[in-house]
Amino acid sequence: MTKPAPTLDWGPLRFNSASERWEITGSLTGTLHEIGSGDLIFIDVAGEMTLTRIEHSRSEGGYYSVDGYRLRDGIEAALANR
């Protein structure tokens with residue numbers, strides 16, 4: 001299986017407190033991409049776009065990266081091409 005690449009429509013990761021979900025607003029299209037459980041995304045980890053899967057667990061406090069990367073407002077993120 002080929003590793004997915006990030007889409008060209010990347011932007012800052014933001015937490016939407018109303019929906020309690022993470023979102024990426026694409027820099028090219030302005031499209032709002034809501035991130036859900038099971039989604040693959042790329043996030044900036046120490047200056048490198050790194051692939052991770054997002055899951056949801058009440059015991060974990062909501063949505064989290066299965067690889068242990070910290071999700072926070074403003075870091076660069078992109079959806080993974082499928």
Side-chain angles (χ1 to χ4, degrees):
M1 177 185 277
T2 305
K3 180 181 174 183
T7 63
L8 296 176
D9 198 19
W10 54 271
L13 187 65
R14 300 274 184 231
F15 185 72
N16 182 327
S17 58
S19 68
E20 296 185 344
R21 296 182 96 170
W22 290 95
E23 305 170 336
I24 301 169
T25 302
S27 61
L28 294 176
T29 64
T31 303
L32 181 70
H33 306 282
E34 192 172 73
I35 308 302
S37 188
D39 284 349
L40 293 174
I41 67 168
F42 283 83
I43 58 172
D44 184 348
V45 177
E48 185 174 324
M49 293 301 277
T50 305
L51 182 65
T52 191
R53 189 176 77 243
I54 303 301
E55 292 295 341
H56 183 271
S57 169
R58 288 194 175 145
S59 65
E60 293 288 330
Y63 288 92
Y64 65 97
S65 160
V66 298
D67 300 299
Y69 301 125
R70 185 171 168 242
L71 303 178
R72 58 185 168 77
D73 278 341
I75 61 173
E76 293 299 322
L79 297 175
N81 279 323
R82 295 193 185 248

Under 4.5 Å between side-chain heavy atoms, counting indirect links through other Ile/Leu/Val/Met/Phe/Trp/Tyr residues: same cluster for Tyr63 and Tyr69 or not? yes
Nearest 0.5 Å, what's the CD1-CG distance between Ile41 and Leu51? 9.0 Å
Closest approach of His33 and Thr31, non-hydrogen atoms and distance? CD2-O, 3.4 Å
Tell me the salt bridge (charged side-chain N to carboxylate O under 4.0 Å, His left out) pairs involving residues 13-31, sequence neighbours left out? Arg21-Glu34
Remaining members of the apolar cluster that contains Tyr64, side-chain heavy atoms under 4.5 Å: Val66
Nearest 0.5 Å, please: how far is OG1 in Thr52 from CG in Asp39? 11.5 Å
Do Ile35 and Leu79 have side chains that approach each other closer than 4.5 Å (heavy atoms only, starting at C-beta)? yes
Do Phe15 and Phe42 sit in the same hydrophobic cluster, where Ile, Leu, Val, Met, Phe, Trp and Tyr count as joined when their side-chain heavy atoms come under 4.5 Å apart? no
Any donor and acceptor pair, going by atom type alone, linking the side chain of Ser59 with main-chain N or O of Ser57 inside 3.5 Å? no
Give the minimum heavy-atom separation between Ala78 and Trp10, together with the two atoms involved. CB-CB, 3.6 Å
Minimum heavy-atom distance Leu13-Ala77, with the two atoms named: CB-CB, 4.1 Å
To the closest 0.5 Å, what do you measure between CD1 (Ile43) and CD1 (Ile24)? 9.5 Å
Between the CH2 atom in Trp22 and the CG atom in Asp73, the distance rounded to the nearest 0.5 Å is 5.0 Å
Quick one: are Asn16 and Leu32 in side-chain contact, heavy atoms under 4.5 Å? no
